[in-house]
Amino acid sequence: MSPQINSTKPKIVIVGGGFAGLGLAKKLKDKPVEVLLLDRHNYHTFQPLLYQVATGALEAESIAFPIRRIFQRQSNFSFGLAEVSKINAEKNTIDTSIGEISYDYLVLATGAETNFFGNTQLEHFCMGMKSVPEAMNLRSMVLQSFEAALTEKDPGEKEELMTFVVVGGGPTGTELAGALAEFKNHILKKDYPKLDNCEMKVYVVESKPIVLGVMSDNAAAKAKEYLENMGVILYNGVRVKSFDGELLEINDGRKIKTRNVLWAAGVVGQFPEGIKPENIVKGNRIQTDEINRIKGYQNIFAIGDTAAIISTATPDGHPGVAQVALQQGKHLAKNLMAIINGNDTEPFKYDDKGSMATIGRNKAVADIGKAHLSGFVAWVLWCFVHIFFLVGLQNRMYVFINWVGRYFSYNGPARIIIRPFSRESMTENTKAK
Ligand SMILES: Cc1cc2nc3c(=O)[nH]c(=O)nc-3n(C[C@H](O)[C@H](O)[C@H](O)COP(=O)(O)OP(=O)(O)OC[C@H]3O[C@@H](n4cnc5c(N)ncnc54)[C@H](O)[C@@H]3O)c2cc1C
């Protein structure tokens, strides 16, 4: 049964309960509209901490929060657990896994998916990290590789099992590589005393000449220093050519024997079918005007990672970060109410509060305005900002206590294989989304 709403109030349907969708729905509280939020998951995912789930540092539940619970006190809100497949703009409806749903205003807040650049071999053998199921697959894969390495007699096979390659040296890849290096330097000896931690290798393969190239030169230089001091091997200015599950080939001819390739080399927008092709721009994002309305439509909007407001200041749209998504969601709430009430709308202006990345304990970098911070100060700031933006008081307290504990011991709570990972049995449903 689809969650149809019988109300005379304008009905706003939001697809996606990420930062953008939640930001919008919350701001519509107590407004004379009906809000229906649809998501393929019944929880919101705090993606910036997925890498900690993937490396066993945090439990999955501490970075996911049930959407219904977030809105328990919002009477004009309802939720539907549904995959949205198609937009029928001519009749103001969408096709979903729970039936056809009508809308007065439709907002696509569907985020992005991993970009394998159309290479199906890489998509099959490499592990993306855009969702909780994917992070849990990664965690199982990492732990199973060590379990298998313990009993492996063949040195070549053992080397493959203990070699981890992170493709992409942006914030996600850098944080993931740092977490794997901490695993090597502090956990391996304790959990697997029979494995020699010198045999564990962590590589980062990045097409730009530096890691963390999206941040300042200071941040990039510090990140390189931190990673190399932690034993991470950096291959810069090169691209992965192929990976067949055991051998990774780089376009400069170098080869790495490995079973574990973690793909953090970028994302592309994702959204249901039905948007006119002329609205789809670089990075598979939907071009919108300055109030996030999709060009050529009166009542369909796109916000967050999936949207691109193209202007001279933002020729490729805004960066795909949580702050943009959250701010666009909140701003659209004001504009939707202005449209409904016949008032003037206001263009979206991004308030860039800075960017940060953490490489390990006491090792983070932050660019805030003209200030470039690194080391302990940046790391503490990173911890507090992430705790602040986590959804749910319980989750915040849990993560805080966990991080304080881990500061002294490096021991995370979740090095457990709940759902064993098997590449052979991976279907499209278990792999992505
Ligand atoms: C590993 C990782 C680390 C990151 N680290 C940082 C960081 O440190 N700082 C930062 O600012 N940003 C970071 N980001 C980026 C940030 O998470 C995104 O910019 C942000 O999540 C975008 O929010 P959104 O609401 O647009 O999309 P999302 O948060 O991706 O939410 C989209 C939602 O739409 C749902 N959905 C999609 N398609 C459908 C459909 N057809 N039907 C139903 N539901 C659908 C999805 O289930 C999801 O819940 C990181 C991202 C990743 C993956």
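Predicted model, so just to flag it, every value in this text is computed and none were measured. Remember, it's 1-based here, ligands and their atoms both numbered in the order they're listed.
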Checklist line | Check against ring-ring contact (aromatic ring centres under 6.0 Å, His included), Y235 and Y203 | finding: CA-CA 7 Å; Y235 284 4; Y203 291 84; 5.4 Å; yes
Considering only protein heavy atoms, which is closest to [atom], and at what distance to one decimal place?
atom	answer
atom 18 (C) of ligand 1	D305 OD2, 3.3 Å
atom 6 (C) of ligand 1	P48 CG, 3.5 Å
atom 27 (O) of ligand 1	G111 CA, 3.3 Å
atom 51 (C) of ligand 1	Q47 OE1, 3.5 Å
atom 31 (O) of ligand 1	G18 CA, 3.3 Å
atom 23 (O) of ligand 1	A325 CB, 3.5 Å
atom 20 (C) of ligand 1	F19 CD1, 3.6 Å

Next item on the list: Measure from the side-chain N and O atoms of H44 to the backbone N and O of G17, and report whether any donor-acceptor pair falls under 3.5 Å.
Entry: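 At least one qualifying donor-acceptor pair exists.
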Item checked: Distance, nearest 0.5 Å, that separates CG of L58 from OH of Y51 ->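 Spacing of CG (L58) from OH (Y51) equals 8.5 Å.
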Below the 3.5 angstrom mark, is there an N/O of [X], backbone or side chain, next to an N/O of ligand 1?
X	result
G21	no
A322	yes
P272	no
G320	yes
V84	yes

Next item on the list: Select the closest option to atom 44 (N) of ligand 1 among E273, K130, R40, judged by heavy-atom distance.
Entry: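 Result: the heavy atom closest to atom 44 (N) of ligand 1 is in R40.
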Checklist line | From V132, D39, I67 - option closest to atom 35 (C) of ligand 1 by heavy atom | finding: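 Nearest option to atom 35 (C) of ligand 1, by heavy atoms: D39.
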State the atoms of ligand 1, each with its element, that fall below the 4.0 Å cut-off from a heavy-atom position in [X].
X	answer
A20	25 (O)
T110	32 (C), 34 (O), 37 (C), 38 (N), 39 (C)
G16	33 (C), 34 (O), 35 (C)
A82	42 (N), 43 (C)
M129	1 (C), 53 (C)
G304	26 (O)
H41	47 (O)

Counting only heavy atoms, which portion of [X] has something under 4.0 Å from ligand 1: side chain, backbone, both, or neither?
X	value
Q270	side chain
A109	backbone
T172	side chain

Check: Will you find, in the side chains of E61 and Y398, an N or O donor that is under 3.5 Å from an N or O acceptor?
Finding: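 No, no side-chain donor-acceptor pair sits under 3.5 Å.
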Next item on the list: Consider only side-chain N and O atoms of N92 and N299, and report whether a donor and an acceptor are under 3.5 Å apart.
Entry: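 Side chains of N92 and N299: pair found under 3.5 Å.
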Check: Does the gap between the ring centers of F164 and F146 come in under 6.0 Å?
Finding: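 Ring centroids of F164 and F146 are less than 6.0 Å from each other.
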Notebook entry, point to check: For atom CD of E147, is the number of surrounding heavy atoms from other residues, nucleotides or ligands below 6.0 Å larger than 12?
Noted result: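 Counting other residues, nucleotides and ligands, CD of E147 exceeds 12 neighbours.
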Checklist line | K224 atom NZ: more than 12 heavy-atom contacts under 6.0 Å | finding: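 Atom NZ in K224 is not packed in, count stays at 12 or less.
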Notebook entry, point to check: Should the ring pair F71 and F77 be called parallel, tilted or perpendicular, given that the plane angle runs from 0 to 90° and is split at 30 and 60?
Noted result: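 Parallel: the ring planes of F71 and F77 meet at under 30°.
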Margin query: Ring-plane angle category for W263 and F117, please: parallel below 30°, perpendicular beyond 60°, tilted otherwise.
Written below: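 Correct class here is perpendicular.
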Check: Could K130 and E113 be called an ion pair, given the rule that one side-chain N must be under 4.0 Å from one carboxylate O?
Finding: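 Answer for the salt bridge query: no.
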Notebook entry, point to check: Does a side-chain heavy-atom distance below 4.5 Å link R293 with T288?
Noted result: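 Of all side-chain heavy-atom pairs linking T288 with R293, none is under 4.5 Å.
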Notebook entry, point to check: Checking side chain to side chain contact (heavy atoms under 4.5 Å, CB included) against Y103, which of L106, V107, I101 comes through?
Noted result: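 Single pass found, and it is L106.
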Next item on the list: For I387, enumerate each residue passing the side chain to side chain contact (heavy atoms under 4.5 Å, CB included) test, keeping only those at least two apart in sequence or located in another chain.
Entry: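 Partners of I387 by the side chain to side chain contact (heavy atoms under 4.5 Å, CB included) criterion, ordered by chain and then number, come out as R396, V399, F400, W403.
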